[in-house]
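Numbered from 1 within each chain, the chains take letters A, B, ... in sequence-line order.
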Amino acid sequence: MNGATSTEGPLWEVFVRSRRGLSHTHAGSLHAPDATMALRNARDLYTRRGEGVSIWVVPATAVIASSPDEKDPFFDPAADKAYRHPTFYEIPEGVKHL
Amino acid sequence: MFLTGRAADAAVALGDDALVLSHRLGEWAGHAPMLEEEVALANIALDLLGQARFLYSLAGDEDELAYLREERAFRNAQLVERPNGDFASTIARQLYFSSYQELLYTELASAEGELAPLAAKAVKEVAYHRDHAVQWTLRLGDGTAESSRRMQAALTDLWRYTGELFDPVEGLPVDTAALREPWLASVSAVVRQATLTLPDGPDRSGWTAGGGRHGIHTEAFGRMIAEMQHLHRAHPGATW
């Protein structure tokens, strides 16, 4: 998580929205001295082939991640509860991004 | 069909600016201070290469124009052929040139002529090139004592190559001399904000006067095009 070095600047996480109506998706990370440069670097690294219409950059240190040790209590209880999945509904035709 | 006469000369001159600067920026590949910056410089280089290709294609065969002309046939301004130097020198060259190119393409886009479609498209690219240079000028100028010293030295060293940018380019439907005032206003605003100063001295001297546009180039340029052209000259028509 802490990739900061004195010459490369702190680490930033990059989120790109590929088109209107979709949410921002994590695209990767990069080094930059500050937020303005991080946004520009993100533009050059992750959107130069028309991948996006909007970019977020977030200091990597601001991301609070779940720890692998918490995997069981966090995620296992959801595995056998089929009734939580919306599989009993008919999805109307033409609905996208559901 | 191809442009002819002065209109073709003008397209080649602007194409030479773009190609030569593209090649210089490409020299940073593998040497940039950080990976992210290497990609940024390569992006700018590719934008410029695209501009050069379009401009050459208006005037003749792209490969012949890029690879088979002698040094004296190139019409680029001397500023763009100056060696990369340290990172600050490259940024100073970018600041001076992209500020000029943005003004030039804005004028070209609204003028009648074959170059208007290219200019309208490229002005967006160039606006980003200028923004990149501005951001770094501010950070280096207002950064550490060392970065500030280097940025100031770079601005001072390259200053004398800026006068030539405003020489008339024959066949171009733009009054380039009229670009100098807005250029100076925008560049000096950035330099001031970066806590640096533009040199007091003249922006041209006898030995650099208008040379590039007439085929007179600095010593470093010969070595650059030798490297740029050697593959094509050794293996004509080679492709990947």
Q: State whether the number of non-hydrogen atoms from other residues, nucleotides or ligands found under 6.0 Å of A:Glu51 atom CD is greater than 12.
A: yes
**Q.** Greater than 12 external heavy atoms within 6.0 Å of A:His26's NE2
**A.** yes
Q) So, do B:His132 and A:Arg40 sit near enough that their side-chain heavy atoms are less than 4.5 Å apart? A) no
Q | Residue A:Ala32 versus chain B: region with a heavy atom under 4.5 Å | A | backbone
Q) How far does CD of B:Glu37 sit from CG of A:Asp44, to the nearest 0.5 angstrom? A) 8.0 Å
Q. So what's closer than 4.5 Å to chain A heavy atoms on B:Leu35: side chain, backbone, both or neither?
A. neither
(Q) Please determine whether the number of non-hydrogen atoms from other residues, nucleotides or ligands lying under 6.0 Å from atom CD of B:Glu146 exceeds 12. (A) yes
Q: Determine the minimum heavy-atom distance between B:Arg139 and A:Thr36, stating which atoms define it.
A: NH2-CB, 3.3 Å
Q) More than 12 non-hydrogen atoms from neighbouring residues, nucleotides or ligands closer than 6.0 Å to OH on B:Tyr67, yes or no? A) no
Q: Kindly check if the number of other-residue, nucleotide or ligand heavy atoms within 6.0 Å of CD (B:Glu27) is above 12?
A: yes
Q.
Minimum heavy-atom separation for A:Met37 and B:Gln135, please, with both atom names.
A. SD-CB, 3.5 Å
